[in-house]
Amino acid sequence: MKLIVRELQKSFQEKEVLKGVTYTFSSGEITGLLGRNGAGKTTFFNVLYGDLMADGGELFLEENGVEHPLQVEDVGMVFSENYLPEFLTGYEFITFYMDLHAQSDSRSVDDYLDFMEISQEDRHRIIKGYSDGMKSKLSLLCIFISKPKVILLDEPLTAVDVVSSIAIKRFLLALKDNHILILSTHIMALAEDLCDKVVVLDKGILMALDVDKKHEQFEEKVLEALQGGTYET
Ligand SMILES: Nc1ncnc2c1ncn2[C@@H]1O[C@H](COP(=O)(O)OP(=O)(O)OP(=O)(O)O)[C@@H](O)[C@H]1O
């Protein structure tokens with residue numbers, strides 16, 4: 001499966017954020033998206049997710065050699081800021097979410113909450129009182145339940161503790177064969193550790209880094225690619 005992005009453009013008034021992004025993302029690999037603050041990573045994700053309308057360009061999904069326009073339901077996103085119904089408990093929210101997206105799932109709400117290590121006590125408290133890390137875990141859980149074809153992760157592990165992040169990394173690795181996974185992060189070690197490919201968004205253009213992440217010059221190359229400039233945010 002491939003996500004084909006052609007000449008994607010997006011401006012806010014006179015500010016050109018995406019100036020013709022062209023790239024093909026493939027299943028079977030996790031792609032790390034790096035870029036300086038204000039480079040346009042969230043804008044790119046929001047356009048893929050369908051929250052923002054592009055000014056130009058095309059988005060296609062290729063499955064079994066056949067291209068079709070990317071549909072809203074093909075894409076799931078975990079936001080850096082979590083938008084969750086704060087008046088529900090974690091348990092109520094996941095029950096509701098499973099009713100919508102996973103009626104024939106053999107796993108129970110408790111199975112999923114156990115997997116994310118949300119304690120029995122916490123899962124029956126309202127989300128409003130959750131820490132940022134617990135909210136991130138719930139957002140990730142939604143993706144794990146609905147398993148959209150294209151999964152966008154915007155700084156997903158920033159607030160998650162070390163133990164949980166290991167479980168989440170394992171889960172992402174298990175998903176990658178049948179999904180397109182793009183992970184935006186400022187944490188170079190995470191890109192190195194988890195991603196198969198790294199792309200850099202700089203001055204409105206997306207470029208693939210042509211150096212292997214195991215290569216000793218990997219960090220140097222990333223820094224070089226990010227030296228493009230600073231951005232007004
Ligand atoms: N809705 C909007 N209206 C006007 N300008 C916007 C809007 N959304 C983003 N921008 C601008 O577009 C540029 C890119 O922002 P974006 O949030 O996509 O960057 P980013 O790479 O995700 O940054 P960061 O790493 O800091 O999260 C910034 O200059 C930002 O101010």
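For ligands, and for the atoms within them, numbers begin at 1 and follow the listed sequence.
- With a 4.0 Å heavy-atom cut-off, ligand 1 is reached by the backbone of N37 and by its side chain too.
- The hydrophobic cluster containing M134 also contains F87, counting ILVMFWY residues as joined when their side-chain heavy atoms lie under 4.5 angstrom apart, directly or transitively.
- Taking 4.0 Å as the cut-off, H186 counts as a neighbour of ligand 1 on heavy-atom distance.
- Other residues, nucleotides and ligands contribute only 12 or fewer heavy atoms inside 6.0 Å of the CZ atom of F96.
- Distance alone, capped at 3.5 Å, is enough to place a donor-acceptor pair between the Y130 side chain and the G90 backbone.
- Looking at ligand 1, you'll find an N or O of G38 within less than 3.5 Å of one of its N or O atoms.
- Annotation for I4: hydrophobic cluster partners, listed by chain and number, are F60 (ILVMFWY side-chain heavy atoms under 4.5 Å, direct or chained).
- With a 4.0 Å cut-off on non-hydrogen atoms, R36 touches ligand 1 through its backbone and not its side chain.
- By the side-chain hydrogen bond (donor to acceptor under 3.5 Å, both in side chains) test, K41 is found to be paired with no residue, residues two or more places apart in sequence or in another chain being considered.
- G35 does not count as a contact of ligand 1, since none of its heavy atoms falls under 4.0 Å from the ligand.
- The atoms of ligand 1 that sit less than 4.0 Å from any heavy atom of V17 are 12 (O), 13 (C), 14 (C).
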Audit row: L84, S139, side-chain contact (heavy atoms from CB on, under 4.5 Å) steps and yes/no: CA-CA 8 Å; L84 296 165; S139 297; 4.2 Å; yes
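- For ligand 1, the polar-atom distance check against G40 finds a nitrogen or oxygen pair separated by under 3.5 Å.
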